[in-house]
There are 2 protein chains.
Amino acid sequence: MMIKTPVTPGSSQRVTSHDVSREAGVSQSAVSRAFTPGARISPEMRQRVLDAAQRLGYKPNAIARSLVTQRSGIVALIVGELHNPFYPQALSQFAQALEARGKRALLLTHDVHRDIQETLEAASSYQIEAAIVFPTRLGSTAPSLGDVSQGGVPVLLFNRHLPGHDLLSVACDNYAGGRLAAQVLLDSGARKLAFVGGDPDTSTHQDRLNGFVERLSESGLSPLATPSLSFQYDWGVQATLNLHGALAGGSAGDGDRDWPDAIFGANDIIAIGILDALHMLGRRVPEEVSVIGFDDIQESARLAYRLTTIRQPLEAMIEDALAALDDPQPGHGPRLHPGELIWRDTVRAAKG
Amino acid sequence: MMIKTPVTPGSSQRVTSHDVSREAGVSQSAVSRAFTPGARISPEMRQRVLDAAQRLGYKPNAIARSLVTQRSGIVALIVGELHNPFYPQALSQFAQALEARGKRALLLTHDVHRDIQETLEAASSYQIEAAIVFPTRLGSTAPSLGDVSQGGVPVLLFNRHLPGHDLLSVACDNYAGGRLAAQVLLDSGARKLAFVGGDPDTSTHQDRLNGFVERLSESGLSPLATPSLSFQYDWGVQATLNLHGALAGGSAGDGDRDWPDAIFGANDIIAIGILDALHMLGRRVPEEVSVIGFDDIQESARLAYRLTTIRQPLEAMIEDALAALDDPQPGHGPRLHPGELIWRDTVRAAKG
DNA sequence: CTGAAAGCGCTTACAG
DNA sequence: CTGAAAGCGCTTACAG
């Protein structure tokens with residue numbers, strides 16, 4: 001019986017649908033149909049093919065299928081530097097969500113040296129069905145993205161949007177989140193608030209800042225300071241140290257007059273840097289100064305931090321992103337998802 | 001001039017080598033050769049084709065090429081849960097290294113519910129050239145991997161090896177690393193050493209533990225305790241709290257007699273958990289207790305931790321993994337790379 | 001160096 | 001329902 005097997009098991013020769021059709025004594029078309037979900041084929045035939053396929057260890061060649069169906073089932077995931085733990089989490093959840101839909105994730109990187117545009121073009125030769133861009137840093141280079149989406153492949157920005165462009169994008173409602181952060185801090189009794197921002201050239205930064213500032217102004221306040229640079233831990237530390245240094249230098253003696261009683265870190269990794277710096281400076285949290293972040297990365301829940309923050313609804317955002325990609329209407333602005341306040345220990349309890 | 005263009009720019013119709021051959025007035029073979037690096041083609045012909053391709057916005061279809069060349073250029077990266085920041089870093093570096101070699105990374109996940117075997121089979125339909133498995137957790141399910149590598153696709157375990165199997169694997173020399181950790185701690189004057197392990201069912205854990213224990217025994221010592229569970233932050237915290245509780249409960253009054261003066265965390269994320277727990281317990285590091293980790297993840301360098309640790313030479317390991325995959329000899333055991341001691345602030349300085 | 005032709009492993013009208 | 005045939009977009013002997 002083994003003798004008629006054209007391919008010995010374990011051999012590195014690929015077994016094709018022709019091999020199976022021979023083994024099963026049916027046409028090659030029948031083999032194809034047996035592996036095509038909705039195809040017109042009798043149950044007996046299908047079983048017969050499946051048995052033969054099993055015997056030969058046959059697996060349909062997805063590459064060949066892609067070529068004829070014109071659907072690769074491949075979605076590109078384009079990531080930059082992963083300094084922010086928010087992205088690995090998002091990345092892995094995207095990969096899983098894609099797999100659950102029978103699609104595959106092609107992982108591509110972009111960095112300062114390689115334009116996203118360039119990366120996208122390389123990916124497009126693999127006939128990707130869509131591209132999801134995680135813009136850890138984006139900036140003025142972004143407009144070039146528009147060209148690619150014209151190329152027929154829908155491109156979606158995750159966690160960012162580009163004001164001028166009609167690109168698909170899914171993000172947290174960062175403006176509302178910024179307002180919420182201000183609200184929470186004001187409710188806690190804070191009156192001297194600071195904002196430590198991320199990359200000023202991103203919508204994420206801008207929207208959170210704007211929401212924050214506008215809510216403050218409604219209470220007749222404005223932020224003490226809004227230093228901004230990048231969405232990284234080191235910057236959170238540095239900004240806090242700078243704040244301290246400036247104040248210490250400015251007014252000797254009663255240097256605390258202008259020290260903030262609350263700080264909004266533009267994201268959690270910054271807020272964690274702030275917390276560490278505050279600790280070094282001997283400032284007690286939340287007694288002397290409250291801190292709130294944005295994202296709710298896993299680290300924020302740790303005992304050492306217990307950071308109060310605004311959670312991005314990652315799961316819902318990913319579902320929505322995938323849905324948007326399935327039906328790529330030129331988005332009327334970004335698709336926004338509300339953030340959720342996560343109460344932990346770094347914001348003073350409201351007085352009264 | 002635009003009139004003869006068969007495909008209007010921006011149209012979603014794909015432009016093929018035939019379209020280009022028509023535009024350039026040459027054969028389709030010529031178009032193919034123009035895009036094939038070492039092909040026999042005159043410079044003039046190539047330029048003519050390239051110009052026409054440019055005009056039409058032609059990009060070769062990698063899927064079609066794969067089908068005929070039998071080389072997809074796709075390598076599968078299979079990741080589990082990303083609780084340990086070491087993996088995202090490795091993942092992203094792998095993706096970059098692959099791109100630098102003109103290959104693509106297909107990102108796949110596996111979890112408790114989905115066997116790695118199953119994931120690999122799904123990947124194999126994309127004609128992957130190799131698979132790299134990041135076994136955040138592996139265990140008794142591992143042996144099934146052997147079957148896949150028989151299927152013709154070389155499988156490489158990264159950061160783990162399987163004692164019984166002949167799978168390719170690249171890892172840090174964890175045994176030597178364990179010895180080194182013991183050495184450093186002993187040199188610092190420690191005599192009551194504890195080990196907080198990860199998943200006991202992994203080679204990583206076992207090798208580090210063995211190296212540690214054997215070095216201690218050479219000095220006539222044995223570890224105070226070796227609780228082990230998983231490579232996670234929470235476990236580092238919990239294990240430390242447990243240690244404390246057990247001792248506090250055991251001997252009232254002079255409870256410190258058996259409290260360790262040094263702890264080796266099986267990896268950095270555990271060590272960081274240990275550090276946080278120690279801080280909560282009011283134990284001073286390194287004055288009362290030294291802590292050393294393994295990996296050197298980015299977080300370990302933070303001001304808040306300044307963790308002394310043993311760095312895995314990630315870059316070298318990745319290069320070696322890719323080299324091993326290009327020439328997949330049935331590895332004679334795992335390919336080991338020496339760890340490097342990174343001195344920071346959590347181990348007491350050696351006494352004069 | 002160049003072109004015509006076969007073929008990679010599939011899917012899918014098209015007849016029966 | 002089933003099979004023979006065309007074709008997806010390329011590469012690569014094979015002649016010239």
Side-chain angles (χ1 to χ4, degrees), chain A residues 6-7 12-50 52-53 56-74 102 124-129 152, chain B residues 6-7 12-50 52-53 56-74 102 124-129 152:
Chain A
V7 176
S12 66
Q13 284 295 327
R14 310 189 184 203
V15 12
T16 73
S17 58
H18 273 106
D19 298 325
V20 177
S21 73
R22 223 169 295 134
E23 169 82 8
V26 301
S27 72
Q28 183 269 332
S29 326
V31 177
S32 175
R33 291 193 182 101
F35 283 91
T36 306
R40 299 188 167 285
I41 186 174
S42 65
E44 302 76 37
M45 172 72 81
R46 168 164 277 153
Q47 196 51 54
R48 189 166 159 194
V49 171
L50 261 26
L56 266 37
Y58 169 73
K59 289 272 174 332
N61 182 328
I63 296 285
R65 175 189 291 149
S66 303
L67 189 59
V68 30
T69 60
Q70 305 278 51
R71 313 209 74 224
S72 65
I74 297 176
S124 76
S125 74
Y126 278 87
Q127 312 306 107
I128 54 172
E129 295 182 356
Chain B
V7 175
S12 65
Q13 283 296 326
R14 311 187 183 203
V15 12
T16 73
S17 58
H18 273 107
D19 298 325
V20 177
S21 73
R22 222 170 295 136
E23 169 82 9
V26 301
S27 73
Q28 182 269 332
S29 325
V31 178
S32 175
R33 292 195 182 99
F35 284 92
T36 305
R40 300 187 166 283
I41 185 175
S42 66
E44 302 76 38
M45 171 70 82
R46 169 165 275 153
Q47 196 52 55
R48 188 164 159 194
V49 170
L50 260 24
L56 265 36
Y58 169 74
K59 290 273 174 329
N61 182 328
I63 295 286
R65 174 187 293 149
S66 304
L67 188 58
V68 29
T69 59
Q70 307 277 50
R71 312 208 73 225
S72 65
I74 297 177
S124 75
S125 73
Y126 277 86
Q127 313 305 110
I128 53 172
E129 295 181 356

Identify, with sequence neighbours excluded, every residue that meets side-chain contact (heavy atoms from CB on, under 4.5 Å) alongside [X].
X: B:Ala64; answer: A:Leu67, B:Asn61
X: B:Ala62; answer: A:Ser125, A:Tyr126
X: A:Gln70; answer: B:Arg14

- request: For DNA chain C, determine which residues of residues 29-38 of chain A have any heavy atom closer than 4.0 angstrom to one of its atoms, and list them numerically.
  value: A:Ser29, A:Ser32, A:Arg33
message: For a quick test of reading the model, state the closest non-hydrogen atom pair linking A:Ala52 to A:Ala24 and the distance between them.
response: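 Of all heavy-atom pairs spanning A:Ala52 and A:Ala24, the closest is CB-CB, 3.6 Å.
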message: Please find the pair of heavy atoms, one from A:Ile63 and one from B:Ser66, that lie closest to each other, and give the distance.
response: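 Smallest heavy-atom distance, with atoms named: CG2-CB, 4.0 Å.
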- prompt: Under the side-chain contact (heavy atoms from CB on, under 4.5 Å) criterion, do B:Arg46 and B:Val49 qualify, and how do the steps go?
  reply: CA-CA 5 Å; B:Arg46 169 165 275 153; B:Val49 170; 5.9 Å; no
field: chain B footprint on DNA chain D, 5' to 3' - any atom under 4.0 Å from a heavy atom
entry: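 The footprint of chain B covers D:dG9 to D:dA13.
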- request: Runs of at least three consecutive Watson-Crick or G-U pairs, both distances under 3.5 Å, are what I'm after; which ones involve DNA chain D?
  value: C:1-3 with D:14-16, C:5-12 with D:5-12, C:14-16 with D:1-3
- request: Calculate, to the nearest 0.5 Å, the distance between atoms CE and OG belonging to B:Met45 and B:Ser27 respectively.
  value: 6.5 Å
- prompt: Contact class for A:Gln28 (heavy atom, under 4.0 Å): base, sugar-phosphate, or nothing?
  reply: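 The answer is base, as A:Gln28 lies within the cut-off (heavy atoms under 4.0 Å) of a base atom.
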query: Checking all strands, does A:Arg40 fall into the base, sugar-phosphate, or nothing category for heavy-atom contacts under 4.0 angstrom?
result: base
message: For B:Met45 and A:Thr16, find the nucleotide of DNA chain C closest to each by heavy atoms; which residue's nucleotide sits nearer the 5' end?
response: B:Met45
query: With rounding to whole Å, what would you report as the distance between D:dT12 and D:dG16 at their C1' atoms?
result: 16 Å
query: Hey, does B:Arg65 have a side-chain heavy atom less than 4.5 Å from the side chain of B:Pro60?
result: yes
Show me the side-chain donor-acceptor pairs of residues 28-35 of chain A shorter than 3.5 Å, one per line, residues at least two apart or across chains.
unit_1, atom_1, unit_2, atom_2, d
A:Gln28, NE2, A:Ser17, OG, 3.0

task: With sequence neighbours left out, write down each residue that passes side-chain hydrogen bond (donor to acceptor under 3.5 Å, both in side chains) with A:Glu129, or none if nothing qualifies.
output: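 For A:Glu129 the side-chain hydrogen bond (donor to acceptor under 3.5 Å, both in side chains) partners, ignoring immediate neighbours, are A:Lys103.
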